[in-house]
Amino acid sequence: MSADDHHDHHNPPFWQKYIFSTDHKMIGLQYGLTALLFLLFGFFLMMMMRWSIAYPQEPVPSWMSWVFTDEWKARWLTAGKVEGETYNMFGAMHGTIMVFLGVVPLGFGAFGNYVTPLQIGAPDMAFPKLNCASYWLYAVGGIMMCGSFFLESGSAKSGWTNYPPLSSFADSQHPNQFFTGQTQWLLGLVFLISSSLLGSVNFITTIINLRCKGMTWMRLPFLVWAMLVTAFLLLLAFPPLEVAGIMQLVDRSFGSSFFQPTGLYTDAGAADYAGGGSPLLYQHLFWFLGHPEVYVLLLPSIACVAEIIPTNTRKPLWGYKSMVYAVITLGFLSFIVWAHHMYLTGMGSSVSTFFQVTTVLISVPSVVIITAMLISLWGGSIRFTMPMMWACAFLPMFGIGGLTGLPLAFNLVDLHLHDTYYVIGHFHYVVAPGILFGLFAGIYYWYPKMYGRYMNKTLGHLHFWPSLIFINLVFFPMLLQGMAGFHRRWYNGGDGYLVSEDSANVFGQTVREWIGLNQLMSVSVFCLAAAQIPFIINLFTAWKTGKKVENDNPWDATTLEWATPTPPGHGNFTFDVAVYRGPYEYSRPDIEEDFYPQWKEPVEATSSDLDDGIKPKSDH
Amino acid sequence: MADSPEAIKKSVKLYRFIGLLLFIFTGITVAVATIPALDFGGHGFDAYDAVIGLCIATFKASLVAVIFMHLNHEKKAIYWIFFGALFFGVALILLFALAFMDPITFDALLPKGVGE
Amino acid sequence: MEIPYIVNARKDTGLNNSKIAIWLFLASEVMLFGGLFSSYIFLRIYADYPWPERVLPVLPGLVNTFILIASSVTVVFAWASLKLRKWGAFKGYMSFTILCAAVFMVLKGFEYKAKLTHQSIQYNDWTNIEGHLHPEDHGHGGNFYVVNANEINFDLGSYYDPYLDEITARIGDKKATAAKDVVLNVFEDDKLIQKPLIKAGDVIDLEGDDETEGSLRYILAKAKQSFIETRMHNEQVRESAGRQSWKNVKSNEGGRFNAVRDLTQYDQAKKDAVNEENSLILEREDFGTIVANTSLFKIKVDNALIKIKPSWGRMSSPKEGEDTTISLLDKTAIVGVAGDSGMEIDVDAVDHRHLVMKARDRKYSQEKIDGMIEDWYANLGDSEGAAQIRKLWGAHKQWRSLFAAKLKEDYDLDEDDQPNRVPTDLDMYRITWKQMVAYKELDYNVTSLEEVKENEPGMIAGFTGANHKKFHDSFPLLNVARHDVKFESVFSPKMNNYYAIYFTITGLHGLHVIGGALVLAYYLFFGRKMYLANPEWLANRVEVGGLFWHFVDLVWIFAFPIFYLM
């Protein structure tokens with residue numbers, strides 16, 4: 001008998017319903033909205049960077065620079081132009097925001113929270129209050145990180161990876177170390193890690209213990225499997241980063257030298273450190289998280305697409321079981337590939353061979369998943385609904401992202417490509433047109449469940465087509481530039497190499513051949529930004545004006561979230577929920593309709609249908 | 001599962017005994033580190049002492065995990081979680097060691113004169 | 001709505017929610033401490049300095065280990081009592097557990113305090129001495145950069161109030177004059193009005209706050225505001241001129257420039273734009289003009305003795321009597337003649353191992369290394385403390401040869417006629433505080449090892465380290481000149497990575513102890529209601545809290561030997 005019973009009334013006050021809500025759906029929406037705001041902010045930082053790359057000599061145009069106060073401009077811009085340090089600030093925060101504050105909260109926080117309990121037939125998460133704490137820790141961490149833009153020191157500026165010793169010395173000239181961008185970044189990170197720790201514990205417990213009657217492991221929708229693996233990655237991979245963060249905090253606040261080697265000099269002379277530490281240690285700890293983090297970004301997005309494809313092809317997901325095993329393998333392997341980010345740290349052949357092998361190995365389960373989804377399209381009667389458009393775009397875009405990664409796995413090729421725009425192009429193909437398209441698909445797909453209305457289709461197409469075109473114009477040239485040797489951290493896009501026509505610098509000639517693409521990419525970025533306007537309008541207007549859904553299951557889908565009222569109330573299900581079959585029973589010849597929902601009681605109960613899932617697995 | 005009062009009473013005795021064992025082995029680990037007559041290997045701290053100290057610590061930790069944390073009779077899911085974490089935890093430590101096995105970097109890091 | 005399986009176990013998994021959750025949480029904790037312990041291994045293997053092995057006093061760690069084990073036992077007893085429905089016994093065992101946690105933290109506090117008040121100084125030749133610094137009020141004790149200042153430069157963009165307070169408090173005669181005229185720029189309706197603030201030679205009041213006219217803080221605040229406003233104005237001028245110039249250049253030369261098509265044209269455009277920008281600014285019509293702006297504010301003081309904590313900045317030349325500048329982190333510069341920045345320290349350990357390690361790296365012969373060590377003693381000067389420390393070294397050399405002989409006798413020679421056991425570098429090159437006490441008792445003449453053993457203080461007298469109260473006379477007093485110092489620190493994370501990882505792991509462990517104790521205390525004080533509602537519920541919760549508590553014990557089981565015994 002829960003002591004919380006007296007909280008369980010139906011009209012909680014505003015702050016309890018919308019601010020400190022413990023309902024997984026409201027928390028999911030909070031995560032989603034906050035993450036979208038952060039994505040927008042991260043996108044804006046990137047536009048500033050792209051301006052500086054393409055037009056390094058020209059002041060930032062007023063339609064972007066109006067955001068800043070005069071005082072901020074006076075401190076960080078020079079004659080209206082973005083200079084190196086400011087660019088570094090934008091670069092570091094763009095990466096941080098997109099990874100930690102944008103994509104993960106949107107994929108794992110928003111869709112995970114909203115959809116997972118519904119799909120397994122649970123009334124809520126196992127620990128609703130922890131869930132609320134998890135969101136607020138995330139919000140506080142995010143605000144701490146972004147708030148540092150207004151500090152005297154500016155925000156963190158050593159890249160999103162924050163490699164020491166660069167980051168250890170960043171802002172070290174400030175007397176009050178606490179109020180510097182780098183320290184705030186690290187503290188914010190500790191908050192975010194605590195948030196994801198609480199979140200992942202909650203998710204795994206929910207999935208293990210709160211599955212409804214009949215929901216056996218192999219009847220879980222793929223999304224739930226993906227969320228389970230993601231949660232395990234967060235649970236086990238984040239602590240080493242927390243260690244790195246704490247150690248860097250100790251370095252900064254107490255002057256220890258965990259990551260400071262002996263004999264460091266700065267412009268002011270010998271650094272006041274005992275020395276004897278190792279920057280490599282940081283890199284190991286960082287990338288121990290860093291690589292699983294890639295799959296934390298990716299899996300929720302793949303999960304959304306894997307839900308959308310069967311619904312819109314009206315046929316089962318091809319190779320559901322092999323996808324499940326692949327995603328588990330993927331999660332496992334992602335822990336032992338991290339050093340492929342560190343080929344250039346001077347590691348020798350034996351170690352790099354090991355990581356090269358595991359890195360190539362991990363492409364096998366990824367390809368299994370993507371191939372299964374491709375084959376799922378085969379022979380389907382595809383409905384090109386808005387979510388399906390995005391899902392279809394996801395497949396080739398993610399394919400490009402994945403395939404361009406293969407050369408980077410080989411350390412010989414990586415010698416040439418490391419830290420060039422090729423790397424940027426590769427992982428942005430994975431994250432932007434890949435992962436983000438999958439998440440857009442998810443938004444269009446579950447919006448009718450969240451608000452009882454469809455998103456507008458015209459605005460949807462206005463969003464989709466320009467996005468698809470311009471995002472490729474942004475990222476494909478990067479691959480070309482990268483192969484020509486463009487370094488990823490040039491704040492002026494290589495302008496400094498354009499000395500004169502007959503420059504003796506051979507590299508200057510190469511830069512000259514490819515620098516023109518900068519302007520193409522930057523203009524495409526601005527167009528891409530414009531293409532998001534229909535989406536923003538759509539997101540907020542469809543809530544009131546969108547076409548109403550005809551019933552609780554508008555897409556004729558089979559998974560449990562469509563068995564709830566629209567939008568689902570507190571406690572989710574209005575009937576005693578039980579599951580009788582696998583998640584993707586579409587177009588079964590023995591059933592009249594082309595979909596056979598998991599919750600629909602069979603006309604003639606067979607013994608296998610009635611498996612109550614409470615029995616140990618070995619019993620059937 | 002030790003849920004009946006009799007079983008609990010019985011296991012309380014076991015807990016007392018394990019507690020005693022832990023005290024004794026703490027004493028042993030200090031003794032081998034501080035009493036010269038019990039010093040294994042060469043004089044002073046060396047690899048032998050590290051191995052012995054860590055073995056005793058591991059033994060003590062196992063007692064705590066198995067008896068106090070009830071890992072001797074736990075559900076399957078807990079074993080999955082526990083051994084999964086243990087595997088990755090150990091992998092985390094071992095793979096750092098792998099980084100040292102590298103002939104190029106590690107030799108350069110050793111103090112001059114060692115390993116030549 | 002009710003969440004299922006809060007108390008009762010789900011049939012197929014056999015577990016309630018909290019049990020799964022705590023194990024998942026512990027899995028994450030395993031990775032956290034796994035990361036920390038592997039960092040320890042990494043740092044120890046990579047260490048290019050002598051790792052301080054077996055330097056911590058063992059007794060506090062040992063007592064704490066016993067305390068944690070005891071609390072681990074009582075927490076399962078508390079759980080068993082609940083299972084047997086004995087509320088009174090539960091209260092007793094749980095209170096004892098929480099008491100253990102409190103005693104553990106108090107002992108930890110004593111250990112930390114002993115370290116944070118213990119100073120280490122590394123000489124330029126890598127010799128380390130450890131000891132207690134004399135406090136600041138004790139003549140020229142403390143740890144300061146000392147300068148007889150003539151002028152102080154403040155940076156208007158970044159000066160930091162606590163530093164300013166410290167500096168003004170240190171200026172004894174409270175007299176300062178402005179070094180230059182300062183004129184404020186005020187922008188009203190985009191028009192520049194210049195108001196004189198202070199003239200060169202004007203006396204500045206060092207004590208008033210930023211409301212008191214004529215005080216230093218008032219002047220700095222005004223000048224800072226003027227500096228920032230001028231900077232804003234200049235940026236606005238340059239930004240709009242920059243925009244206009246590119247517009248002009250583009251319309252003059254037709255569209256945007258593409259470096260791929262015509263590099264010369266692009267180059268020309270860049271130059272044109274800069275020229276255009278400059279001429280636009282000079283024309284002053286639409287954009288206003290650039291206003292001269294400085295971030296420096298300089299005052300003159302009359303030979304004021306100023307002491308600055310070393311962590312606040314750097315001193316360019318610390319040798320007494322030389323011209324020097326102390327540059328603080330907030331870019332304040334104190335210019336003057338260096339005073340005596342030496343540190344008075346009661347030495348309780350001398351350690352040459354780092355020197356020996358560096359010398360061996362350079363393949364120096366043993367004779368040369370011994371010579372270097374003797375040089376260090378020879379260069380200590382002729383104070384009383386220096387003489388005492390030389391006597392200590394003489395005694396230690398006697399002791400170590402006796403010790404080597406004993407090892408040879410006890411453990412014999414191996415087949416290559418080399419001794420089976422030899423003294424370690426720790427025995428050879430470090431004089432510990434216990435040895436110092438014993439050598440002094442023996443009047444610096446060591447004739448047998450047993451005598452030394454007998455005269456060394458026991459575990460209790462040195463519970464948290466060198467006992468300066470009881471054995472004050474055994475510890476020589478040195479005045480270490482600042483320019484002899486390579487690196488100095490208290491025994492904090494800064495000193496070296498051994499202490500850094502020690503503080504990080506034990507600190508995080510301490511936080512876990514506090515967190516666990518709070519949760520257990522919650523069950524103790526607020527669990528009655530839960531117990532009355534459903535005793536099994538509280539038993540489950542206590543089991544979960546207990547699991548965490550055992551994990552905390554488990555971490556300590558590893559932390560104790562690796563920090564105290566290895």
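Note on naming: letters A, B, ... go to the chains in the order of the sequence lines (proteins, then strands), and numbering restarts at 1 for each one.
- Residue A:Asn202: no heavy atom, backbone or side chain, is found under 4.5 Å from chain C.
- Ring pair C:Phe503/A:Phe254: centre-to-centre distance not below 6.0 Å.
- With chain C as partner, the option from A:Leu241, A:Ile204, A:Asn572 having the largest number of non-hydrogen pairs under 4.5 angstrom is A:Ile204.
- Per-residue heavy-atom pair counts under 4.5 Å with chain A were compared for C:Pro162, C:Ser245, C:Ser316, C:Ala500, and the maximum is reached by C:Ala500.
- Per-residue counts of heavy-atom pairs under 4.5 Å with chain A were compared for C:Val30, C:Ile22, C:Leu36; the largest is that of C:Leu36.
- Interface remark: C:Glu277 contributes side-chain atoms only to the contact with chain A (heavy atom separation under 4.5 Å).
- Of the two parts of A:Met125, only the backbone, made up of N, CA, C and O, holds a non-hydrogen atom closer than 4.5 Å to a non-hydrogen atom of chain C.
- Using a 4.5 Å cut-off between heavy atoms, A:Leu285 touches chain C through its side chain atoms alone.
- Side-chain atoms of A:Gln177 and A:Asp171 form no donor-acceptor pair, as typed in the model, at a separation below 3.5 Å.
- By number of non-hydrogen pairs under 4.5 angstrom with chain C, the leading residue of A:Val201, A:Asn209, A:Asp251, A:Val243 is A:Asn209.
- Note: C:Asp12 CG to A:Thr216 OG1 = 10.0 Å, rounded to the nearest 0.5 Å.
- Contacts between A:Tyr273 and chain C at a heavy-atom distance below 4.5 Å involve the backbone alone (N, CA, C, O).
- A:Pro128 touches chain C through its side chain: at least one heavy atom from C-beta onward sits under 4.5 Å away, while N, CA, C and O do not.
- At least one test fails for C:Lys331 against the ring of C:Tyr159: distance under 6.0 Å to the centre or angle within 45° of the axis.
- Residue A:Glu71 touches chain C through both its backbone and its side chain, counting heavy-atom pairs closer than 4.5 Å.
- Applying the ring-ring contact (aromatic ring centres under 6.0 Å, His included) test to C:Tyr40 and every residue at least two apart in sequence or in another chain returns C:Trp51, C:Phe563.
- Contact of the C:Asn293 side chain with the C:Asn234 side chain is registered, since non-hydrogen atoms from C-beta on lie closer than 4.5 Å.
- Side chain to side chain, A:His24 and A:Asp124 fail the donor-acceptor criterion of an N or O pair below 3.5 Å.
- In this structure, chain C has a heavy atom under 4.5 Å from the side chain of A:Ser65, while its backbone stays farther away.
- Contact annotation for C:Met495: only backbone heavy atoms (N, CA, C, O) come within less than 4.5 Å of a heavy atom of chain A.
- Only the side chain of C:Thr504 comes within less than 4.5 Å of a heavy atom in chain A; its backbone stays farther off.
- Both the backbone and the side chain of C:Phe25 have a heavy atom closer than 4.5 Å to some heavy atom of chain A.
- At a 4.5 Å heavy-atom cutoff, the contact between A:Ile246 and chain C is made by side-chain atoms alone.
- Residue A:Leu197 touches chain C through its side chain alone, counting heavy-atom pairs closer than 4.5 Å.
- Within the 4.5 angstrom heavy-atom criterion, no atom of C:Ser327 approaches chain A.
- Contact annotation for A:Ala244: neither backbone nor side-chain heavy atoms come within less than 4.5 Å of a heavy atom of chain C.
- Your options are C:Ser39, C:Ser311, C:Gly313, and the one with the most heavy-atom pairs under 4.5 Å with chain A is C:Ser39.
- Both the backbone and the side chain of A:Leu77 come within less than 4.5 Å of a heavy atom in chain C.
- With a 4.5 Å cut-off on non-hydrogen atoms, C:Tyr163 touches chain A through its side chain but not through its backbone.
- Residue contact with chain A, scored on non-hydrogen atoms closer than 4.5 Å, involves the backbone and the side chain of C:Ala27 alike.
- Once rounded to the nearest 0.5 Å, the distance linking CG of A:Asp272 with OG of A:Ser172 reads 11.0 Å.
- Within a 6.0 Å radius of NZ in C:Lys486, more than 12 heavy atoms belonging to other residues, nucleotides or ligands are found.
- Here OG of A:Ser153 is found 9.0 Å from CZ of A:Arg75. Values are rounded to the nearest 0.5 Å.
- Contact tally against chain C (heavy-atom pairs below 4.5 Å) for A:Ala122, A:Pro261, A:Pro61: the top residue is A:Pro61.
- Interface remark: of the candidates C:Asn496, C:Ile501, C:Val274, C:Ile501 forms the most heavy-atom pairs closer than 4.5 Å to chain A.
- Heavy atoms of A:Thr206 lying under 4.5 Å from chain C are absent altogether.
- The local environment of CH2 in A:Trp66 is sparse, with at most 12 non-hydrogen atoms from other residues, nucleotides or ligands closer than 6.0 Å.
- No other option in C:Leu15, C:Leu508, C:Asn17, C:Asp48 has as many heavy-atom pairs under 4.5 Å with chain A as C:Asn17.
- Using modelled atom types, no side-chain atom of C:Arg231 and backbone atom of C:Phe227 make a donor-acceptor pair closer than 3.5 Å.
- Only the side chain of C:Ile228 comes within less than 4.5 Å of a heavy atom of chain A; its backbone N, CA, C and O stay farther away.
- Taking 4.0 Å as the cut-off between side-chain N and carboxylate O, A:Glu58 and C:Lys250 count as a salt-bridged pair.
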*Before giving the answer on side-chain contact (heavy atoms from CB on, under 4.5 Å), spell out for C:Tyr531 and C:Arg541 the whole-Å C-alpha distance, their side-chain angles and the decisive distance to 0.1 Å.*
CA-CA 10 Å; C:Tyr531 180 72; C:Arg541 289 297 176 276; over 6 Å; no
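- The stretch residues 23-44 of chain C participates, sequence neighbours left out, in these salt bridge (Lys or Arg N to Asp or Glu O under 4.0 Å) pairs: C:Arg44-C:Glu53.
- Distance check, rounded to the nearest 0.5 Å: CG of A:Asn176 to CG of C:Asp330 gives 11.5 Å.
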